[in-house]
Amino acid sequence: MSIVVIIDLVPKFKEWIKRIHIGRYTDKKKWNEEISKKGALWLVKTPKIKVTDNTRLILLDMVKGNYSKNNIQYWQEASLLLGMTEYINNNKAPDAVKNVFGLLKRKFDQHGDWREKPETVDAAILAYALMKVNFINIDNYKKALDEIWELIKGHIGDDGTVQYRRSMKNYRYVDTIGFICPFLVCYGLRYKNNKCIDLAVRQIKMYEKYGMLNDFQIPYHAYHTKNKLPLGINGWGRGLGWYAIGLIDTWNELPNGTAYKEEMEKSVREFARVILTYQQQNGSWTWTIIRDESNPDSSATATLAWFLLNASKIKDISTQCKKGLNMSLDYLMKVTRKNGEVDFSQGDTKDIGVYSGLFTILPFTQGFCIRTVNKDVF
């Protein structure tokens, strides 16, 4: 029993210690150095994200295999890789480059294939991050990329959109937009596969049709393909983040002057207007954005900051987007621990309508902070 008590108490004590002197960063350059230093270390050993909200008897969850899952780790690693790629683009960072290659070696074999074959579409965001590493020959990893396309095709349902899980064939989750759409466009353009691009745009447009709160363009967690009814709460913070990164990276990847680019730009404009309406005075977004009294969520804030940074390229909304971006970065600096870890991200979601009450570190958040501040170039 004493071992169980120690395993329960040590994480709580460590978290308490690390929160001492939180929020001391005021200079973006210094903040970038510290969060990127931590991000580089996490490429080597990415923290395991808890599936459970339990804070007691967690040894039992570990034994049962309920403590963490590979599916969650895909988007942690992907975000770190996206962030560190932006950091390396702006800095001479040989140690960070070394750590990127270390991650790639862990995930892919000498033939450019997955060491452990993915079974869920969550892995597509890691494949997208791989394609954004601009100091490797991406064609050396084509086997792994082809595997993801085959995996996605195997998840296409009767309605022509992609399932979150094969066991949930009649549900479409907002998460899936962030997982697959940027990859599909990037892969489709590189390997001249228009079906991929069509599918990405269809996934987004169908979600906008059935998965949004009418007239408000605020996504629900999911919708049912048979009765077309939305599911879960509307305005879940990280759900907005999933939609935001799926939409903005898809828009970024699409070639200028194409019909799809113009169509996606309309969605970008509208969503920028929506999220700016619900940004808090302190620069954050809460975990359920339409309730001001909810806890701020750093994962929602970091992903929406990335969206606003890129949306600011549209001239007529540029000023508003940049203001919101700067507010969000100021907030994220205030919730960064002295060791460079960005704190207070909502924990993993359990099911539609079942959301975590824990707020702590999340490599996913860390990566998007690094990605945004390095693309913003202060």
Inset, instruction - Classify the side-chain pair Ser345/Thr365 by whether it contains a donor and acceptor separated by less than 3.5 Å. - result: yes
Legend entry - Residue Lys322 excluded, over 12 heavy atoms near NZ under 6.0 Å: no
Legend entry - Over 12 non-hydrogen atoms of neighbours within 6.0 angstrom of CD in Glu270: yes
Inset, instruction - Describe, in one word, how the ring planes of Trp114 and Phe108 are oriented to each other, choosing from parallel (under 30°), tilted (30 to 60°) and perpendicular (over 60°). - result: tilted
Legend entry - Check: Cys369 main-chain N/O paired with Thr372 side-chain donor or acceptor under 3.5 Å: no
Inset, instruction - Would you check if the side chain of His224 reaches a backbone N or O of Lys226 as a donor-acceptor pair within less than 3.5 Å? - result: yes
Inset, instruction - Mark yes or no: Lys261 above the aromatic ring of Trp251, with NZ or CZ under 6.0 Å from the six-membered ring centre and no more than 45 degrees from the axis. - result: yes
Legend entry - Side chain Thr336, main chain Leu332, donor-acceptor under 3.5 Å: yes
Inset, instruction - Without swapping roles, check the side chain of Asn99 against the backbone of Leu43 for a donor-acceptor pair under 3.5 Å. - result: no
Legend entry - Any donor-acceptor N/O pair, Thr225 side chain to Tyr171 backbone, under 3.5 Å: no
Inset, instruction - Check whether any side-chain N or O of Asn91 sits under 3.5 Å from a backbone N or O of Ala93 as a donor-acceptor pair, and report yes or no. - result: no
Inset, instruction - Taking atom types as modelled, find out whether Asn252 and Asn310 have a side-chain donor-acceptor pair closer than 3.5 angstrom. - result: yes
Legend entry - Candidates Lys117, Lys107, Arg115 - the one meeting salt bridge (charged side-chain N to carboxylate O under 4.0 Å, His left out) with Glu147: Lys117
Legend entry - Enclosure of Lys142 NZ (heavy-atom neighbours >12, cutoff 6.0 Å): yes
Legend entry - NZ/Lys228: more than 12 non-hydrogen atoms of other groups inside 6.0 Å: yes
Inset, instruction - Compare all side-chain heavy atoms of Pro363 with those of Ile49 and state whether any distance is below 4.5 angstrom. - result: yes
Inset, instruction - Would you check if Leu362 and Gln366 make a side-chain contact, meaning some heavy-atom pair closer than 4.5 Å? - result: no
Legend entry - Pair Ile197-Leu254, side-chain contact (heavy atoms from CB on, under 4.5 Å): steps then yes or no: CA-CA 9 Å; Ile197 302 168; Leu254 287 166; 3.9 Å; yes
Legend entry - Main-chain N/O of Gly157 paired with Thr161 side-chain donor or acceptor, under 3.5 Å: no
Inset, instruction - Examine distances only and state if a side-chain atom of Ser79 and a backbone atom of Trp75 form a donor-acceptor pair shorter than 3.5 Å. - result: no
Legend entry - Non-hydrogen side-chain atoms of Phe135 and Val133 separated by less than 4.5 Å: yes
Inset, instruction - Please say which of Phe307, Tyr278, Phe216 ends up in a ring pair (Phe, Tyr, Trp, His ring centres under 6.0 Å) with Phe271. - result: Phe307
Legend entry - Shared hydrophobic cluster, Phe101 / Val44 (ILVMFWY, side-chain heavy atoms < 4.5 Å): no
Inset, instruction - Classify the side-chain pair Asn71/Thr120 by whether it contains a donor and acceptor separated by less than 3.5 Å. - result: yes
Legend entry - Side chains of Gln281 and Tyr331 in contact at under 4.5 Å (non-hydrogen atoms): no
Legend entry - Test item: side-chain donor near acceptor, Tyr191 and Asp146, under 3.5 Å: no
Inset, instruction - Side-chain contact test, heavy atoms from C-beta onward, threshold under 4.5 Å: evaluate it for Lys169 versus Asp158 and give yes or no. - result: no
Inset, instruction - For Ile177 and Pro182, work out which heavy atoms get closest and say how close. - result: O-CD, 3.6 Å
Legend entry - Lys50 and Asp348 ion-paired at < 4.0 Å: no
Inset, instruction - Only one of Tyr74, Trp242, Trp306 passes ring pair (Phe, Tyr, Trp, His ring centres under 6.0 Å) with Phe364; say which it is. - result: Trp242
Legend entry - Glu15 with Arg337: basic N within carboxylate O range, under 4.0 Å: yes
Legend entry - Distance-only side-chain donor-acceptor flag, Asn339 / Glu341, under 3.5 Å: yes
Legend entry - Least distance between heavy atoms, Ala244 atom then Leu304 atom: CB-CD2, 3.6 Å
Inset, instruction - Might you point out which heavy atoms bring Met333 and Trp31 nearest each other, and give the distance in Å? - result: CG-CD2, 3.3 Å
Inset, instruction - Please report the shortest heavy-atom distance between Leu308 and Gly324, naming the atom on each side. - result: CD1-C, 3.8 Å
Inset, instruction - In sequence, state the C-alpha distance, the side-chain angles, and the governing distance for Arg269 and Glu265, and then conclude on salt bridge (Lys or Arg N to Asp or Glu O under 4.0 Å). - result: CA-CA 6 Å; Arg269 288 171 183 275; Glu265 187 165 310; 3.3 Å; yes
Inset, instruction - Flag the pair Ile370 / Leu82 as yes when at least one side-chain heavy-atom distance between them is below 4.5 Å, and no otherwise. - result: no
Inset, instruction - Please assess Glu253 against Arg190 for the test salt bridge (Lys or Arg N to Asp or Glu O under 4.0 Å), listing each intermediate value before the final yes or no. - result: CA-CA 11 Å; Glu253 297 295 342; Arg190 186 175 186 91; over 6 Å; no
Legend entry - Shortest non-hydrogen contact between Thr349 and Val354, atoms and distance: CG2-O, 3.2 Å
Legend entry - same_hphob_cluster(Tyr128, Tyr260) at 4.5 Å side-chain heavy-atom cutoff: yes
Legend entry - Donor + acceptor pair across side chains of Gln346, Trp236 (<3.5 Å): yes
Legend entry - Side-chain donor/acceptor of Tyr25 to backbone N/O of Lys338, under 3.5 Å: yes
Legend entry - Note: Lys266-Glu262 ion pair, threshold 4.0 Å (strictly below): no
Inset, instruction - Identify whether Ile218 and Leu229 are in the same connected component of the hydrophobic contact network (ILVMFWY, side-chain heavy atoms under 4.5 Å). - result: no
Inset, instruction - Mind telling me whether Trp287 and Tyr355 have parallel, tilted or perpendicular rings, with 30° and 60° as the class edges? - result: tilted
Inset, instruction - Could you tell me whether the side chain of Leu189 reaches within less than 4.5 Å of the side chain of Pro255, counting heavy atoms only? - result: yes
Inset, instruction - In sequence, state the C-alpha distance, the side-chain angles, and the governing distance for Gln203 and Thr176, and then conclude on side-chain hydrogen bond (donor to acceptor under 3.5 Å, both in side chains). - result: CA-CA 9 Å; Gln203 191 81 18; Thr176 309; 5.1 Å; no
Inset, instruction - For Lys105, look at atom NZ and say whether over 12 heavy atoms of other residues, nucleotides or ligands are found less than 6.0 Å away. - result: no
Legend entry - Asp249 and Cys186, any side-chain heavy atoms less than 4.5 Å apart: no
Inset, instruction - Tell me yes or no: between the side chains of Asn326 and Lys28, is some donor less than 3.5 Å from an acceptor? - result: yes
Inset, instruction - Under the ring pair (Phe, Tyr, Trp, His ring centres under 6.0 Å) rule, what do Tyr164 and Tyr173 come out as? Steps first, then yes or no, please. - result: CA-CA 6 Å; Tyr164 176 71; Tyr173 284 61; 4.2 Å; yes
Legend entry - Note: Lys37-Asp95 ion pair, threshold 4.0 Å (strictly below): no
Legend entry - Check: Ser299 main-chain N/O paired with Thr303 side-chain donor or acceptor under 3.5 Å: yes
Legend entry - Tyr210 and Tyr223 aromatic centres sub-6.0 Å: yes
Inset, instruction - Check Leu325 against Leu309 and note the closest heavy-atom contact, atom names and distance. - result: CD2-CD1, 3.7 Å
Legend entry - Any donor-acceptor N or O pair under 3.5 Å, side chains Asn32, Tyr87: no
Legend entry - Asp159/Arg172 under salt bridge (Lys or Arg N to Asp or Glu O under 4.0 Å): CA gap, chis, key distance, verdict: CA-CA 10 Å; Asp159 66 336; Arg172 298 295 176 269; 2.9 Å; yes
Inset, instruction - Please determine, by modelled atom types, if Gln279 and Ser328 share a side-chain donor-acceptor pair under 3.5 angstrom. - result: no
